[in-house]
2 protein chains.
Amino acid sequence: MALKKLDKKPEETRETELGLSECLLDRTGFLLKKSALRIQEAYEERLGPLGLAAKHYGVLSVLEERGSITQHEIGKCVYVDRTTMVGIIDDLEKKGLVERKEHPTDRRSHAVYLTAKAKEVLAKAHHLASSVEKQFLECLSVKEQKELRQILRKLVVAHYSSTKAGERGEG
Amino acid sequence: MALKKLDKKPEETRETELGLSECLLDRTGFLLKKSALRIQEAYEERLGPLGLAAKHYGVLSVLEERGSITQHEIGKCVYVDRTTMVGIIDDLEKKGLVERKEHPTDRRSHAVYLTAKAKEVLAKAHHLASSVEKQFLECLSVKEQKELRQILRKLVVAHYSSTKAGERGEG
DNA sequence: CGATGATAATCAGTAATACTGATTATCAGG
DNA sequence: CCTGATAATCAGTATTACTGATTATCATCG
């Protein structure tokens, strides 16, 4: 806490006091990254006791929504690449939450199914996820929360559709 | 592209067609993470030719804004932990963009200074950063862009002030 | 029918990132 | 001067996801 500035005049002091940088707070990139990190942390923390990481929850949710689909399809939904999906499905299989069964029409593929146990776990996980988000967003008005979701959705849809997206996975 | 669903009826088809999952698109956590990843990619891509990664740009910006401060202080501004800062400052020093000088009052600390070269590079980098953001956000109205920034700022300030924040760095 | 090119899952190796913990030098307070 | 805290650093580790190669299978075309 010793020195603050060596050669700058002590003027503007807004959030800067908190150790935040005014110019970075104007960069959507910085803001997105930091808020994404924080909410993910909250997810990990709350889903942890259930034996799930956020990535597992994402995959289970997709399976619940779309029914049994292949690993490749799941990857496209959650934007995780094929090699990473192998590990995630391995994890979930070890936990007894999914099963790889043979695909009815394509023997190269695995049809991934949720187990009964997964359905129970998912119910709890959905609940936790909602509570994480509620808590994380509680500093916003309900209107802002809705706006945020809509705007982000627009961004994500725009940036994960055309392009090379769907081939890749980085998440 | 073979199977879509094995046991779900083919009804809802909105963004799902694009391989996106309806239920995840309702999770702010998922949306934040995916949009953060995409914009960071854009940053890396555009700053790359300048020899900078996004993390370097953040540090340089803070130094420009706050004047010479210690590594620890920089870390608190950009939320990067002390051990990681060592490497970032090493990088920047190698590139001739910053110098570690002795701190006027605390010999444990290093006072980190921008070089003249850094100031030139930063001018270009700011320009590129603005263009990255403009491009990334162009699918939104100007009003939405502003709302997004304000809302995110509120989130970041809320989640990086009290708490244990400032001790940590994950970004 | 048989060859060719594409696709699904997998594995091995690699790179990037950031953490924990220990170390050294230094500070601040009694 | 002794003690506890702090700044920077380093070594080791964990996480994460990538690239590229491999194997099995599919789909097409002649």
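Computed from a predicted model, the values in this text were never measured in an experiment. Letters A, B, ... are given to chains in the order of the sequence lines, protein chains preceding strands, and every chain is numbered from 1.
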**OP:** Go through D90(B) and R100(B) one step at a time and tell me if the side-chain contact (heavy atoms from CB on, under 4.5 Å) criterion holds.
**Re:** CA-CA 9 Å; D90(B) 282 351; R100(B) 288 172 165 106; 2.9 Å; yes

**OP:** Starting from the C-alpha separation in whole Å, work towards a yes-or-no answer on side-chain contact (heavy atoms from CB on, under 4.5 Å) for K55(B) and V80(B).
**Re:** CA-CA 9 Å; K55(B) 63 183 179 182; V80(B) 163; 5.9 Å; no

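Residue H72(B) has its side chain nearest to dA8(D) when only dT16(D), dA9(C), dA8(D) are considered. Nearest nucleotide to the T83(B) side chain, out of dT9(D), dA8(D), dG20(D): dT9(D).
Here the closest non-hydrogen pair linking Q71(A) and V112(A) is CG-CG2, 3.9 Å.
For K55(B) and dA18(C), the NZ to C1' distance is 9 Å, given to the nearest whole Å. Distance, D81(A) CG to dA8(C) P: 13 Å, rounded to whole Å. Atom NE2 in H103(B) sits about 10 Å away from atom C1' in dA7(D), given to the nearest Å. Straight-line distance from the CE atom of M85(A) to the C1' atom of dT10(C): 13 Å, rounded to whole Å. Whole-Å rounding puts the K101(B) NZ to dA8(D) C1' distance at 19 Å. In this entry the distance linking CD1 of I89(A) with P of dC11(C) reads 13 Å, nearest Å. Nucleotide dA16(C) holds its C1' atom 14 Å from the CD atom of E41(B), rounded to whole Å. Spacing between atom NE2 of H110(A) and atom C1' of dC11(C) amounts to 14 Å, rounded to whole angstrom units.
For dT10(C), the OP1/OP2 oxygens have a side-chain nitrogen or oxygen of R100(A) closer than 4.0 Å.
For R82(B) and I88(B), each mapped to the nucleotide of DNA chain C holding its nearest heavy atom, the one lying further toward the 5' end belongs to I88(B). If you find the closest nucleotide of DNA chain D to E44(A) and to Q71(B), the one lying nearer the 5' end belongs to Q71(B).
A donor and an acceptor atom, one from each side chain of Y57(B) and R27(A), are located under 3.5 Å apart.
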Give me, pair by pair, the N or O atoms of the protein and of nucleotides 27-30 of chain C that are less than 3.5 Å apart, along with how far apart they are.
| unit_1 | atom_1 | unit_2 | atom_2 | d |
| --- | --- | --- | --- | --- |
| dC27(C) | OP1 | R107(B) | N | 3.0 |

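Inter-residue side-chain proximity for K101(B) and H110(B) is flagged as unmet; no heavy-atom pair is nearer than 4.5 Å.
At distances below 3.5 Å, at least one donor-acceptor pair connects side-chain atoms of H103(B) with backbone N or O atoms of T105(B).
When hydrophobic clusters are built by joining Ile, Leu, Val, Met, Phe, Trp and Tyr residues whose side-chain heavy atoms come closer than 4.5 Å, directly or via intermediates, V98(A) is not grouped with V86(A).
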